[in-house]
Student: 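Handing you this structure, nothing more for now.
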Amino acid sequence: MSDQAAEPQKKQKQQNQQNQQKGQQQKGGGKQDERRITPRAEDYSRWYLDVVREAQLADHSAVRGCMVIRPNGYAIWEKMQRELDARFKATGHVNAYFPLFIPVSFLSKEAQHVEGFAKECAVVTHHRLRAKSDGSGVEVDPESKLEEPLIVRPTSETIIWSAYKEWIQSYRDLPILINQWANVVRWEMRTRLFLRTAEFLWQEGHTAHETEKEALEETHLMLEVYRDFAENVMAVPVIRGAKTPGERFAGALESLSIEAMMQDGRALQAGTSHYLGQNFARAFDVTFQNREGKRELVYATSWGVSTRLIGALIMTHSDDTGLIIPPKLATTHVVIVPIYKTDEEKARVYTEADAVEAELKAQGLGVVIDKREGLAPGAKYYDWESKGVPLRIEIGPKDLENGSLCVARRFVIEIPGEDEKAQRSRKKAFLPRAEALAKIKTILDEMQKDLFQRALNFRAKKTRVINTLEEYEKFFKEEGGGFAWVHWAGTPEEEEVIAKKYQTSIRNAPLDGQFPEGGEGAGPCLFTGRPSARRVVMAESY
RNA sequence: CGGGGCGUAGCUCAGCUUGGUAGAGCGCCUGGUUUGGGACCAGGAGGCCGCAGGUUCGAAUCCUGUCGCCCCGACCA
């Protein structure tokens, strides 16, 4: 046990030593020594951290479990916000803001809710510091103890429903369709940048409705908004479905999710939409007079996506060179790298680069000219590739002479067996200037589609309809795993047993229209043999 | 919370076993030569060796305590 635990450390140390030696032996050496990103095949989770670091998306902060989102990472989040917010508004929602702090007593008003979140709450107990008697700094002033402790919101259902109670009297006050952009804190034991951090940014929608039917429709509508965003903006294919009772949001009657497949075959829950029934209305005594004049409890939904989406984005598209940003989420679409030898060439190349920049900006594209001195063009290529910029335009003396532009795509769809050089030449094209400028947007659109198609192909390759336990075990233990479509009719207890045994879990029970060939219809549960009406998706997960 | 590991330059780490002038690579700064896939030369800046005690003529190194971080596990809307 202890040896196993020590193993990765040892490995890392050895490797660092080797790298160091190599570096010393062959100074200024080849690509191998310049490698800053661990290949996915070697260590997927280190690859992930390397990509985040090289693209300067985020850093670990001085606070345990919390990250600093750097400008490159925040720019992606801002784009996501803009796209999502427009979709929320288009479906009739408005934004508002509720407090960061929630009285402890609020949380406990909904029994399941408090049970789900109690173990990961940050608690505020005092409101003042005082100087230490030995002058060595400050300490909590015991005199300043709060009468009732406050928790830092892990989610806002309780504080929001305490407000809704004040707002709702009649069916005429419904529906309430509110979204909040906020940060929340969940004191997670183990964290990973973007995927699970103690504090994260998200949006949370909280709606109140007259009827169950209307609330359920809202739940499905927002799930569809998330699907549309994931697939058409992030280029991440997702499976929509219902969580099992054991995996439901604390306090929900139904939890819907979108699940995406990462490049290691594991599933990532990318968004959730919950039907909360009358649970929170009951907890906060929120009733309204309905059309028949009778008092009734309000029906609720909540739904959210978080900065975790950035993790999904990375693990769906990026490669061993670094980040790949889908064009629709990029703030910089094109980087221009000038190439020159003499000062005279430099002046001419810069003039052309400025002109190209202006023309592309006029098309509404984000453009940067990399005018850094003393960096070889190749170094700049690697730099921008690791940051995920979709397109690069190289402008050199050759282009000035020929009236051409060299347009290089960040990626092309792989052809099996193709070596790196061949792939590179497929990425680059010398095009007549006018044609290049006219085609940039088309190329970006193509790339957006290619990313989605590539992810879809990958998921298809790692998806299996499975009918026997032997096959199931083989799929996950020997064949690298992925999404297994199986029949399930077990209890929550049985679900836990299976999860422990195979390290897999039920991601969701997919909604209609998504079943793979041969995966439709009823059958016997894979684990218990009991009859099951439809298949669920099982996978290892993040 | 249990088990393991690590704190030395901005980053990755060596030095510690056997105490004696603080090191390497990358990065950074200056100047020059370079520039179509990770340039080179020369010069330079940068350290309370996590923190607090102790042993010693002398501590990055030995001892004690403490704080922090990472990994494995448990936990995880």
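Bear in mind that the values here come from a model prediction, so they are computed numbers and not experimental data. Every chain is numbered from 1 and lettered A, B, ... according to where its sequence line falls, protein lines coming before strand lines.
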Student: Tell me if the side-chain of A/E385 makes a donor-acceptor pair with the base of B/G37, cut-off 3.5 Å, by modelled atom types.
Tutor: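 Pair found.
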Student: Sticking with atom P, work out how far B/G4 lies from B/G43, rounded to a whole angstrom.
Tutor: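 Roughly 49 Å separates the two P atoms.
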Student: Between A/K428 and A/K500, which has a closest nucleotide on RNA chain B that is more 5'?
Tutor: A/K428
Student: In whole Å, what is the span from the CG atom of A/D59 to the P atom of B/C70?
Tutor: 13 Å
Student: Which one is paired to B/A42, where only Watson-Crick or G-U wobble pairs with both distances under 3.5 angstrom count?
Tutor: B/U30
Student: In whole angstrom, give me the gap between the P atoms of B/G53 and B/C71.
Tutor: 32 Å
Student: Please determine, for the side chain of A/R196, which listed nucleotide (B/G38, B/C76, B/C70) has the closest atom?
Tutor: B/C76
Student: When you compare the ring of A/Y382 with the six-membered ring of B/G38's base, are the centres less than 5.5 Å apart and the planes under 30° from each other?
Tutor: yes
Student: Please determine if A/R424 and A/E420 form a salt bridge, counting it only when a charged side-chain N lies under 4.0 Å from a carboxylate O.
Tutor: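 Yes, A/R424 and A/E420 are salt-bridged.
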Student: Taking NZ from A/K421 and P from B/G38, how many angstroms apart are they, rounded to a whole number?
Tutor: 11 Å
Student: Do A/D399 and B/G36 have a side chain to base donor-acceptor pair shorter than 3.5 Å?
Tutor: yes
Student: Suppose you measure atom P in B/U34 against the same atom in B/C16; what distance do you get, rounded to whole Å?
Tutor: 45 Å
Student: Please state the P separation for the pair B/A24 and B/U66 - nearest whole angstrom.
Tutor: 36 Å
Student: Using a strict 4.0 Å threshold on nitrogen-to-oxygen distance, state whether A/R410 and A/D319 make a salt bridge.
Tutor: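 Yes, A/R410 and A/D319 are salt-bridged.
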Student: For A/R53, is there an ion pair with A/D50 - N to carboxylate O distance below 4.0 angstrom?
Tutor: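 Looking at A/D50 and A/R53, the cut-off is met.
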Student: For A/E394, enumerate each residue passing the salt bridge (Lys or Arg N to Asp or Glu O under 4.0 Å) test, keeping only those at least two apart in sequence or located in another chain.
Tutor: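 With sequence neighbours excluded, A/E394 shows a salt bridge (Lys or Arg N to Asp or Glu O under 4.0 Å) to A/R392, A/K428, given in chain and number order.
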Student: B/U33: syn or anti, with syn meaning chi within 90° of zero?
Tutor: anti
